[in-house]
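Reading through the structure tokens given below for one structure.
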Amino acid sequence: MIRNISNYLKPSNSQALFKRLLSNFKEGSQLPNSVLYEDSPANKVNIRDLFAGKKGILLGVPGAFTPTCSNSHLPGFIKNFDTVKSKGYDVIACVTVNDAFVAGAWAKDRQAEGKVHILADPQAEFTKAINMDKDLAVLGGVRSKRYTMIVEDNMVKKVFEEPDGTGASCSLADNVLKNL
């Protein structure tokens, strides 16, 4: 039995891992100061600026144009845009670990424009900062876990993270809307 885990997790050679294990992103956490991209690399979006002083929904998906992301996760929030707004929420944003051009094409294909900000996180910097990264070799490497968060003025109020990181149940719009 391990009595004191800190004795076993010395930050010596694995300082980044140690820090990551101790900084689990959860309810009550502040969104990090990260730059993402909407439509093109020229259109930078600071995630903290997007949610500053606002109530919103932030979802993360493993990849643009992937079946579950395109057919289940994102469409529920697009379809329920008016319901979300009527409940006093100002912004819906979706983060995907793709380049800005792919994310922009996906936004157009899914008719998300004007409803959901589709934000590219090409190097997974934001995704790693909130500990929602997952190695999905079948999709090309590091991607985002599937999640949805309720955010108020950059503070995470509720996290709906899929248990396996990729399934689609608790993070879907129908479940999240019950919690608004």
Heavy-atom pair of closest approach, residues [X] and [Y]:
X      : Y      : result
Asp90  : Lys85  : O-NZ, 3.2 Å
Tyr37  : Pro122 : CD1-CD, 3.8 Å
Ser70  : Trp106 : OG-NE1, 2.9 Å
Cys69  : Pro62  : SG-CD, 3.5 Å
Leu31  : Arg48  : O-NH1, 2.8 Å
Cys170 : Asn175 : O-ND2, 2.7 Å

Would you check if the side chain of [X] reaches a backbone N or O of [Y] as a donor-acceptor pair within less than 3.5 Å?
X      : Y      : value
Asn46  : Asp49  : yes
Glu38  : Val45  : no
Ser40  : Ala42  : yes
Thr148 : Ser171 : yes

[X] [atom1] to [Y] [atom2] distance, which is reported to the nearest 0.5 Å:
X      : Y      : atom1 : atom2 : answer
Asp174 : Ser72  : CG    : OG    : 10.5 Å
Lys55  : Tyr89  : NZ    : OH    : 4.5 Å
Asp39  : His117 : CG    : NE2   : 10.5 Å
His73  : Tyr147 : NE2   : OH    : 9.0 Å

Taking the side chain as every heavy atom from C-beta outward, state whether [X] and [Y] have any atom pair closer than 4.5 Å.
X      : Y      : result
Val156 : Ile150 : no
Val35  : Glu125 : no
Met149 : Ile130 : yes
Val116 : Arg110 : no
Phe126 : Val97  : no
Val151 : Ile57  : no

Polar contact flag, side-chain donor to acceptor under 3.5 angstrom, Ser169-Glu162: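 Yes - a donor-acceptor pair under 3.5 Å links their side chains.
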side-chain contact (heavy atoms from CB on, under 4.5 Å) between Val61 and Cys94, worked out: CA-CA 7 Å; Val61 297; Cys94 175; 3.9 Å; yes
Would [X] end up clustered with [Y] when hydrophobic side chains under 4.5 Å apart are linked, directly or stepwise?
X      : Y      : value
Val84  : Val91  : no
Val176 : Phe81  : yes
Leu59  : Leu119 : no
Phe77  : Leu172 : no
Ile118 : Ile92  : yes

Intermediate values then yes/no, side-chain contact (heavy atoms from CB on, under 4.5 Å), Lys87 and Asp82: CA-CA 9 Å; Lys87 292 182 178 262; Asp82 291 330; over 6 Å; no
Among Asp133, Asp121, Thr96, side-chain hydrogen bond (donor to acceptor under 3.5 Å, both in side chains) partner for Thr127: Asp121
Stepwise salt bridge (charged side-chain N to carboxylate O under 4.0 Å, His left out) check, Lys145 with Glu161: CA-CA 8 Å; Lys145 294 177 185 177; Glu161 180 183 349; 3.3 Å; yes
Audit row: Phe65, Asn98, side-chain contact (heavy atoms from CB on, under 4.5 Å) steps and yes/no: CA-CA 10 Å; Phe65 292 106; Asn98 289 104; over 6 Å; no
Derivation of the side-chain contact (heavy atoms from CB on, under 4.5 Å) call for Gln30 and Phe51: CA-CA 11 Å; Gln30 290 283 321; Phe51 284 94; over 6 Å; no
CD (Gln123) with more than 12 external heavy atoms under 6.0 Å: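 For Gln123, atom CD is not crowded (no more than 12 foreign heavy atoms under 6.0 Å).
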Worked verdict on Glu113 versus Lys108 for salt bridge (charged side-chain N to carboxylate O under 4.0 Å, His left out): CA-CA 7 Å; Glu113 295 166 307; Lys108 287 175 182 57; 3.5 Å; yes
Distance under 6.0 Å and angle within 45° of ring axis: Lys158 vs Phe160: yes
